Structure formats: C-alpha cells, structure tokens
Amino acid sequence: MGFRISDLFRISILGFRILTMTTSTPQVRTRVAPSPTGDPHIGTAYMALFNLAFAKSQGGQFILRVEDTDQARSTRESEQAIFDALHWLGLNYDEGPDVGGPCGPYRQSERLAIYKEECDKLIAAGHAYRDFSTPEQLDALRKQQTESGANPGYRGEFRISSEEAEKRAAAGEPHVIRLIVPSEGECVINDRLRGEIKFPWAQIDHQVLMKSDGFPTYHLANVVDDHLMGITHVIRGEEWISSAPKHRRLYDCFGWQMPELIHLPLLRNPDKSKLSKRKNPTSINYFKQAGYLPEALLNYLGLIAYSMPDASEMFDLSQMIASFDIGRVSLGGPVFDMAKLAWLNGRWMREKQSADDLLERLKSWMLNDDTWRRILPLVQPRAEKLSDIVPMSAYLFADMPQYDAALLIPKGLDGERVATLIRIILWEFEKMRSWSGEQAKNSLNAIAEKESVKLRDLLAPIFVAISGAPVALPLFETMEIIGADMTRRRLAHALAKLAETGFELKGKKLKKLEEEYQKSYGR
RNA sequence: GGCGCUAUCGUCUAGGGGUCUAGGACGCUGGCCUCUCACGCCGGAAACAGGGGUUCGAAUCCCCUUGGCGCUACCA
C-alpha cells in the first residue's frame with residue numbers, strides 16, 4: 001500500500017518545523033511550567049500571561065509543561081485545575097499535556113527515561129556523580145558549616161570514588177546524583193531586564209539532579225526540557241535568579257545553548273512579602289467563585305508590573321500582545337491590590353458588557369438551574385414563602401459575608417481558642433485534594449474529637465464565618481456549593497477579623513501551634 | 001549569617017540628564033450631577049529612602065548606607 005497525500009503533508013509539516021527550529025534565528029518559544037501542588041495559583045496565571053504575550057508578540061509559541069517531579073505533593077486534580085483555570089482566563093497554550101504537540105510528553109513524570117539518559121551522560125563525562133551521603137550526614141555538615149560561619153552547602157564532602165559508587169549503585173543502594181560546579185571563579189548570568197548578574201562559584205553547592213526515587217529535581221528537568229522543547233526565552237519568577245548559575249552550568253556541561261533569561265518581580269502581599277494564601281487570596285478559583293470576570297483579572301495581572309506604551313489601563317489580551325514590550329516590565333515587587341482589581345472589574349462590567357451579556361455571565365457563573373437544584377432541597381424545609389428563598393440563599397452567591405467579629409466567639413469558648421480551631425480547620429481543608437460536603441463533615445468531626453470540642457461548639461463560629469450568621473442553611477452542603485476555595489477564603493477572612501479583635505495567631509505562638517498540629521494531624 | 005535582586009505618592013505606575021515647581025490610576029477626601037445610592041464630572045491632600053560622587057545640569061548615570069524581598073532542601 002502506498003502512502004496517502006495526508007501522510008506527505010504531515011511529513012512536510014514536520015520538516016518545516018524542524019527547519020524553523022534549527023535556523024539561526026529560531027522561532028520564539030516560551031513556556032509556563034507550574035507544579036501541580038495545591039490550588040491553581042494566581043502567580044501561575046501572571047507568569048503565563050507574560051510568557052504568552054511575549055511569545056505571541058514575536059509570532060512565536062507558548063507552551064504549558066507540568067512540573068510534577070515532586071511525587072509527594074503533585075496530584076492530577078491539581079493539574080486539571082491548572083488547565084481549567086488557564087483556559088478560563090483565556091491563556092491558551094499551543095502545546096501542553098491536554099492539547100498535545102510535537103515535543104511531548106508535556107508532563108515531566110512521563111519523561112523520566114529522558115532525564116535518566118541525559119543524567120547518565122553527565123556522569124560519564126565527569127560532570128556529575130552518584131552520592132550516597134545520608135540526611136543525617138548532610139544535617140551534621142550543615143550544622144557544622146553554619147556554626148563555623150561558612151556558607152552552608154554540600155560540595156562533595158562525602159563523595160566516594162566512582163568505582164565504588166558504581167558498585168554500590170549496581171547493588172541497588174539508594175543514592176542521588178549531584179552536579180559538580182567549579183569551586184572558584186565567577187558565574188555571569190545575563191538577564192534581559194537586569195543585565196549581568198555575577199555569582200561567585202564558591203557560593204554554589206553540588207545540586208541534586210536526580211533524587212533517590214529516580215525523579216529529577218526541578219533543575220535538571222527544567223534544563224533538559226527547555227532544551228528539548230526548543231524554548232528560546234525563559235520568563236520566570238525572580239525567586240529563580242539564585243539558581244540560574246546551576247542552570248548555566250548544566251547547559252554548559254550538555255553543550256547546549258541557554259535560553260535568554262528574563263526574571264519577573266514576584267507578586268506581593270500588602271505587607272510586601274511574597275504573595276501567600278495566608279495574607280491574600282491566591283487561588284484563581286477563588287476569583288472565579290467571587291464573581292470576577294476573567295478578562296478583568298487578566299487585565300489586572302497585565303497592569304501589575306507592566307504598563308502599556310500608551311498608558312491605557314483597560315485592555316484585553318490581544319491589545320496587550322499587539323503592543324507588548326518586555327522592557328516595560330518594572331522590577332519593584334508589586335503589591336496585589338484587591339481594591340484596584342475590584343475597581344477594574346467594575347469597569348469591565350459596566351463598560352464592556354450589556355445587561356444581556358451580564359445575564360449570560362450570571363447564568364454561567366452560578367445563577368442557573370443546576371445550582372438552584374442543589375440549593376432548593378436546603379431551603380425548601382425552611383421557607384414559608386417563595387420570597388424567603390432568595391434572602392436565605394443570598395450568602396451562597398456573595399463574596400465575603402458581613403458580620404460582627406464578636407459573633408465568631410460563642411459562649412464557652414474564648415477568641416484565641418476559636419482562632420486556633422479555625423486555623424486547624426483551614427490547615428486540614430488545605431490538605432484535601434478533592435472537595436465535598438461529606439469530606440468537610442468528616443474532617444470537622446475528626447477535628448472536634450481530636451480537640452475535645454463538641455461538634456456544635458466547633459461549628460458555631462464556622463457557621464458565622466461561612467454564612468455571616470449563626471443560623472443558616474446546612475453547613476456542609478453550603479461548603480460544597482460555594483466550593484473549597486471560597487470556603488477557605490471565608491475561614492481565612494474570619495481569622496483576619498479575629499486578629500483585628502486582638503486574637504491574632506502569629507510569630508512563635510503560631511509556629512508552636514503549627515508544630516503541634518503537624519505532630520497530631522500529620523503532614 | 002552568606003549570596004543575589006530591588007527602591008518615585010498608602011498602593012499600581014509614567015519618567016530612561018535639562019520640557020519635573022514629578023504626570024496618570026486605585027484608595028482617601030471636598031464639590032457638582034441626582035428621587036437615594038452607585039456611575040460620571042470637577043477639585044484637593046499625598047512620592048523621587050539617605051549620603052556621596054559624575055555633570056554646566058540629575059528622579060534619571062556610578063558608589064556607599066539603609067529598607068524591602070528572594071534564595072540558602074533528595075520543593076518547585
């Protein structure tokens with residue numbers, strides 16, 4: 001049987017692709033590489049936006065790669081949530097685990113053989129070695145280094161001969177593979193926005209490339225994948241600057257060209273610390289549930305750390321791409337300002353939507369038959385008139401409920417105790433990988449028992465935190481309807497209200513609580 | 001502690017040697033509009049972290065100090 005025209009076509013496409021990727025000015029390719037641990041983070045969207053805008057403004061491609069090399073924390077639920085969140089925002093990628101592409105697989109856990117092969121080359125070339133030192137040895141070394149005032153960091157102190165190492169490895173002894181770096185001299189990194197950044201090599205440790213579970217670390221996987229996937233520009237968070245020398249070294253050892261580096265400033269909490277869920281909403285799903293328009297959220301992310309050449313404040317993705325200039329990124333760490341986001345979202349609602357548009361938005365958000373079918377069984381037994389139904393359900397459609405902080409503290413419990421309990425609940429809820437009223441119930445039951453609190457006492461403040469009143473529709477079903485992110489956000493909000501009233505958990509007290517929590521609940 | 005990044009109103013920013021007695025936006029605030037509120041419009045308070053240089057001239061360039069932040073894991 002001969003070949004079909006379509007086969008010919010495919011071959012020529014492939015040929016074209018290879019050709020474009022090997023010419024002297026390769027097509028721009030950027031990526032965002034989130035780790036699927038926990039909620040889809042607003043920071044991921046921020047990075048995705050700038051990578052996408054940069055690539056598209058150059059006529060290039062933008063890809064999504066899942067960095068699930070942390071076996072303990074990565075989950076498929078979280079990965080799916082990232083896909084959904086990016087698509088919701090309109091940050092569509094040309095290639096990725098759920099859309100395919102010519103450089104797959106796009107999930108690092110499916111590329112293990114590649115990393116092993118590349119890492120073996122490094123060992124063979126004498127750039128890396130098998131290391132058998134134990135956590136105890138490393139701890140002791142670190143302690144000794146810290147005490148003597150030296151830079152902490154492992155630099156091959158317990159390295160053994162390669163003959164012995166191969167023997168022990170062949171015998172199946174667990175070990176890691178580490179990268180050798182020069183012990184003196186200077187490593188110069190070039191950042192598009194910051195210019196030359198110099199690091200003394202003596203400052204850099206022998207980074208683990210391959211963990212004892214056979215998974216690569218970020219550093220190895222990231223370099224190998226960026227190279228193999230033809231990434232030309234790495235736009236990532238400022239937090240990565242200090243590991244750039246390791247990456248530089250890796251590219252050199254492999255003999256590969258390093259992509260251009262562009263480090264963006266980190267999003268900040270109002271107190272200027274790195275954005276964290278403790279102090280700010282960070283889950284994209286929270287913003288969705290709270291009723292922000294995806295266009296507005298994206299617009300806001302583009303407004304933060306960046307300014308349009310014409311100084312416009314309201315723009316969509318295509319406008320941003322059309323005039324995008326990476327040099328207009330500002331380097332001071334921007335505070336994520338919820339008030340300005342709300343203002344911008346308001347503008348999008350009143351200037352870019354007709355009443356009919358808004359109606360459609362409302363329907364696809366929460367105001368639809370599906371949601372009401374979940375709510376009605378809760379309201380029906382309690383309502384006496386149709387007109388009771390909407391007021392009773394109103395808080396399900398709201399953002400943060402309004403209430404007096406004193407309501408959070410029931411008779412028989414004091415403020416600090418309540419804050420502690422909510423803190424524990426929040427930690428437990430954050431650990432959950434899927435969400436349902438049933439799971440919330442089980443979790444709260446378990447907490448009540450562990451903390452020796454009657455369930456009704458434990459639940460009293462939670463009713464207030466979630467619904468804004470001590471009396472409301474059934475709690476667990478409510479939590480299921482508003483979702484995990486909104487539930488957690490409202491609990492965090494309650495904690496903040498308690499803090500304002502003088503019951504703040506912080507510093508040593510919080511640390512101690514967290515230790516005790518981890519001891520009795522596990523991590 | 002070490003290394004690194006960073007520094008304009010409370011916040012997001014414009015500014016890339018003279019046009020800056022520093023512009024815009026959010027927030028705050030006074031007023032107008034108006035059946036209330038919101039929107040909208042007009043106005044106000046509010047910043048170049050400090051000190052040295054370079055230059056005829058520095059918010060803009062360099063250095064130091066200080067502050068903020070990040071990294072310092074078999075997490076990314």
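Fair warning: this is a prediction, and the values are worked out from it, not measured in the lab. Order of the sequence lines fixes the chain letters, A, B, ..., with proteins taken first and strands second; residue numbering starts at 1 for each chain.
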Pairing residues for A:L362 by the side chain to side chain contact (heavy atoms under 4.5 Å, CB included) criterion, not counting sequence neighbours: A:W365, A:L367

Partners meeting side chain to side chain contact (heavy atoms under 4.5 Å, CB included) with A:I114 (sequence neighbours left out): A:R111, A:E118, A:V224, A:L228

Check: A:S212 side chain, B:rC74 base, donor-acceptor under 3.5 Å: yes

If only side-chain N and O atoms of [X] are considered, is one of them under 4.0 Å from the OP1 or OP2 phosphate oxygen of [N]?
X: A:R350; N: B:rG40; value: yes
X: A:S242; N: B:rG70; value: no
X: A:K272; N: B:rA7; value: no
X: A:T217; N: B:rA73; value: no

Atom-to-atom span, [atom1] of [X] to [atom2] of [N] - whole angstrom:
X: A:F199; N: B:rC71; atom1: CZ; atom2: C1'; value: 9 Å
X: A:Q207; N: B:rA73; atom1: CD; atom2: C1'; value: 8 Å
X: A:L266; N: B:rG4; atom1: CG; atom2: C1'; value: 13 Å
X: A:W201; N: B:rU72; atom1: CH2; atom2: C1'; value: 16 Å
X: A:Y306; N: B:rU11; atom1: OH; atom2: P; value: 23 Å

Given RNA chain B, 5'-ward residue of the pair A:D68 and A:S273, judged by closest heavy atom: A:S273

Nearest-nucleotide comparison on RNA chain B, the residue closer to the 5′ end among A:Y218 and A:K198: A:K198

Nearest-Å distance once atom [atom1] is located in both [N] and [M]:
N: B:rC12; M: B:rC28; atom1: C1'; result: 16 Å
N: B:rA58; M: B:rU19; atom1: P; result: 12 Å
N: B:rA59; M: B:rU8; atom1: P; result: 15 Å
N: B:rC61; M: B:rG2; atom1: C1'; result: 29 Å
N: B:rG50; M: B:rC9; atom1: P; result: 10 Å

B:rG16 - base-pair partner by Watson-Crick or wobble geometry, distances under 3.5 Å: none

Counter-base of B:rC37, judged by Watson-Crick or G-U geometry with both distances under 3.5 Å: none

Sidechain-backbone polar pair: A:R155 side chain, A:G153 backbone, donor-acceptor under 3.5 Å: yes

Check: A:N51 side chain, A:I235 main-chain N or O, donor-acceptor pair, under 3.5 Å: yes

Polar side chain donor-acceptor pair, A:R194 to A:H263, under 3.5 angstrom: no

